[in-house]
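Please read all numbers here as calculations on a predicted model, not as lab measurements. All chains are named by letter (A, B, ...) in the order of the sequence lines, taking the proteins before the strands, and each is independently numbered beginning at 1.
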Amino acid sequence: MVLNKIEKLVEKYENGETSIAEEQELKRFFTESDVPEHLEVYKSLFTYFSVNQQETFNKALPLKKTPVIPYKWLTAVAATVVLLLGFYLGNRTKNQDLGTFNDPELAFMEVSKSLEMISTKFNQGASTVGYLDEVNKGTSTLNYLNEMENATQIIFKKEKK
Amino acid sequence: MNQKEFLDLVSPFKDKLFRMAKRLLVSTEEAEDATQEVLIKLWNNKSKIPAYKNVEAFSMTMTKNYCYDKLKSKQSQNLKIVHSNYEDKQVGVQKQVELNDSLHWVEKIMEQLPEQQRLIVQLRDIEAYDFDEISKILDMNPTAVRVALSRARKTIREKLTNTHNYGIK
């Protein structure tokens, strides 16, 4: 009786026509009771299904707290930082106050002192440039070569004649 | 939605995602990575979760697509996913050996099925989804699901009968 029913169910099962409840019944039959030899194949099939149903996912889930700061807030913050930095740098250049003199005589003395310093340094530089004279001397001695050329020209002229 | 609420939401079906991923990718490690990836994606888009009609079906579809992508990229790299779940099964009883062996055969036969049929058998015979849910997850019509399921079940039975009778008949 039971076997008859099971055989019918198996046929329906293969045609994909069984309901979930009927499939549960098949599963129960094949995993629990003694199965006749000609249906042995289904025993391993349904056992496989129920064994596989028990496999679980055990890997940890690294759920990070996603940052809730919206994008437009981020841009606002960036703009503020840029502005603040701009003000800070601007103020710093303005603060480059070197001071001033109230007494004109003192100012004159300071100016002449610094000018004098500039002139001495300048002269030092100029004196080293003096070595350029040596080069001039060298080129002037090269002029003697002209003399030689004159001589050769005279020789050639004579040959032409 | 905080972490606890999210975990409560996904815990009823996270194993199903994993089992489906494993059905497609075969290797346990790959399936674990895939499931993790899918759940993290879901978490990162948690603001959209209330808009989904069926989070479970949606996640199943996500997992299926993710695994298909994985398989496709593996194929284009010309790499085979190597099945490397080494298990140390302690078997004492002869009966247990036999049973494990036949279960192993079922697994081998399942692996030979086309991906779609494999998924349908997984969803129906292991996870016990109804046809409407399966057709939603796989984006197929219910009749096609039924036909593919019937075909897969018959193939499995035929191949299993052959291996059972091997050397006997």
Side-chain angles (χ1 to χ4, degrees), chain A residues 3 6-74, chain B residues 2-3 6-7 10-11 14-19 21-23 28-29 31-33 35-36 39-40 43-47 98-99 101-107 109-110 120-122 124-131 145-154 156-161 163-165:
Chain A
L3 206 63
I6 291 293
E7 274 171 1
K8 265 186 192 146
L9 273 185
V10 162
E11 205 188 316
K12 260 178 92 181
Y13 170 80
E14 288 210 338
N15 292 326
E17 286 159 355
T18 38
S19 68
I20 301 231
E22 286 168 330
E23 281 164 25
Q24 295 300 329
E25 201 182 326
L26 281 174
K27 204 175 268 183
R28 220 172 306 124
F29 175 81
F30 283 112
T31 50
E32 283 168 11
S33 34
D34 274 340
V35 180
E37 207 175 319
H38 69 287
L39 293 174
E40 192 81 24
V41 181
Y42 294 102
K43 190 185 162 90
S44 35
L45 185 62
F46 282 100
T47 315
Y48 176 80
F49 289 155
S50 47
V51 165
N52 264 262
Q53 211 170 7
Q54 280 146 25
E55 206 168 358
T56 54
F57 174 68
N58 296 316
K59 204 171 181 184
L61 271 183
L63 297 180
K64 277 170 278 163
K65 282 229 163 71
T66 41
V68 222
I69 310 163
Y71 189 64
K72 56 180 176 184
W73 276 102
L74 219 74
Chain B
N2 62 32
Q3 286 192 18
F6 179 76
L7 290 177
V10 299
S11 64
K14 67 173 176 34
D15 296 334
K16 293 184 188 176
L17 301 183
F18 168 66
R19 290 192 290 254
K22 196 182 169 190
R23 180 64 58 208
T28 307
E29 286 76 22
E32 276 174 348
D33 287 349
T35 315
Q36 195 183 45
L39 287 175
I40 286 171
W43 165 253
N44 288 339
N45 289 318
K46 59 181 184 297
S47 55
E98 249 171 50
L99 195 64
D101 195 45
S102 62
L103 293 193
H104 187 66
W105 274 113
V106 181
E107 178 137 327
I109 290 165
M110 287 279 277
I120 293 173
V121 172
Q122 171 77 19
R124 178 71 184 195
D125 283 336
I126 297 180
E127 312 296 0
Y129 278 109
D130 61 44
F131 284 112
V145 172
R146 200 179 287 270
V147 170
L149 179 66
S150 163
R151 208 165 286 163
R153 281 171 173 173
K154 280 177 182 158
I156 295 174
R157 197 251 304 137
E158 272 163 31
K159 288 194 174 171
L160 211 52
T161 315
T163 55
H164 264 246
N165 296 338

Quick one: [atom1] on [X] to [atom2] on [Y], what's the gap to the nearest 0.5 Å?
{"X": "A:F57", "Y": "B:T35", "atom1": "CZ", "atom2": "OG1", "answer": "5.0 Å"}
{"X": "B:M110", "Y": "A:N52", "atom1": "CE", "atom2": "CG", "answer": "7.0 Å"}
{"X": "B:I126", "Y": "A:Q54", "atom1": "CD1", "atom2": "CD", "answer": "11.0 Å"}
{"X": "B:F131", "Y": "A:I20", "atom1": "CZ", "atom2": "CD1", "answer": "8.0 Å"}
{"X": "A:Y42", "Y": "B:R153", "atom1": "OH", "atom2": "CZ", "answer": "10.5 Å"}
{"X": "B:D125", "Y": "A:Y48", "atom1": "CG", "atom2": "OH", "answer": "11.0 Å"}

Residue selection (most heavy-atom pairs with chain A, distance under 4.5 Å) from B:D33, B:L149, B:V147: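 Of the candidates given, the most pairs with chain A belong to B:D33.
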Audit row: A:N15, B:K154, side-chain hydrogen bond (donor to acceptor under 3.5 Å, both in side chains) steps and yes/no: CA-CA 8 Å; A:N15 292 326; B:K154 280 177 182 158; 3.1 Å; yes
Any donor-acceptor N/O pair, B:K14 side chain to A:N58 backbone, under 3.5 Å: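 Answer holds: no.
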Side-chain (B:Q36) to main-chain (A:A60) donor-acceptor, under 3.5 angstrom: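 Looks like yes, one N/O pair under 3.5 Å.
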Answer with side chain, backbone, both or neither: which region of [X] has an atom nearer than 4.5 Å to a non-hydrogen atom of chain A?
{"X": "B:I156", "value": "side chain"}
{"X": "B:N2", "value": "neither"}
{"X": "B:I109", "value": "neither"}
{"X": "B:R124", "value": "both"}
{"X": "B:V121", "value": "side chain"}

Identify the heavy atoms of [X] and [Y] that sit nearest to each other, and give their distance.
{"X": "A:G16", "Y": "B:S150", "result": "N-CB, 3.9 Å"}
{"X": "B:L103", "Y": "A:S44", "result": "CD2-O, 3.3 Å"}
{"X": "A:V41", "Y": "B:R157", "result": "CG1-O, 4.1 Å"}

Side chain, backbone, both or neither of [X] within contact of chain B (heavy atoms, under 4.5 Å):
{"X": "A:E14", "result": "both"}
{"X": "A:E37", "result": "neither"}
{"X": "A:Y13", "result": "both"}
{"X": "A:S19", "result": "backbone"}

A:E11 atom CD: more than 12 heavy-atom contacts under 6.0 Å: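 Counting other residues, nucleotides and ligands, CD of A:E11 stays at 12 neighbours or fewer.
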Residues that B:Y129 engages under side-chain hydrogen bond (donor to acceptor under 3.5 Å, both in side chains), provided they are two or more places apart: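 Result, side-chain hydrogen bond (donor to acceptor under 3.5 Å, both in side chains) vs B:Y129: B:E56.
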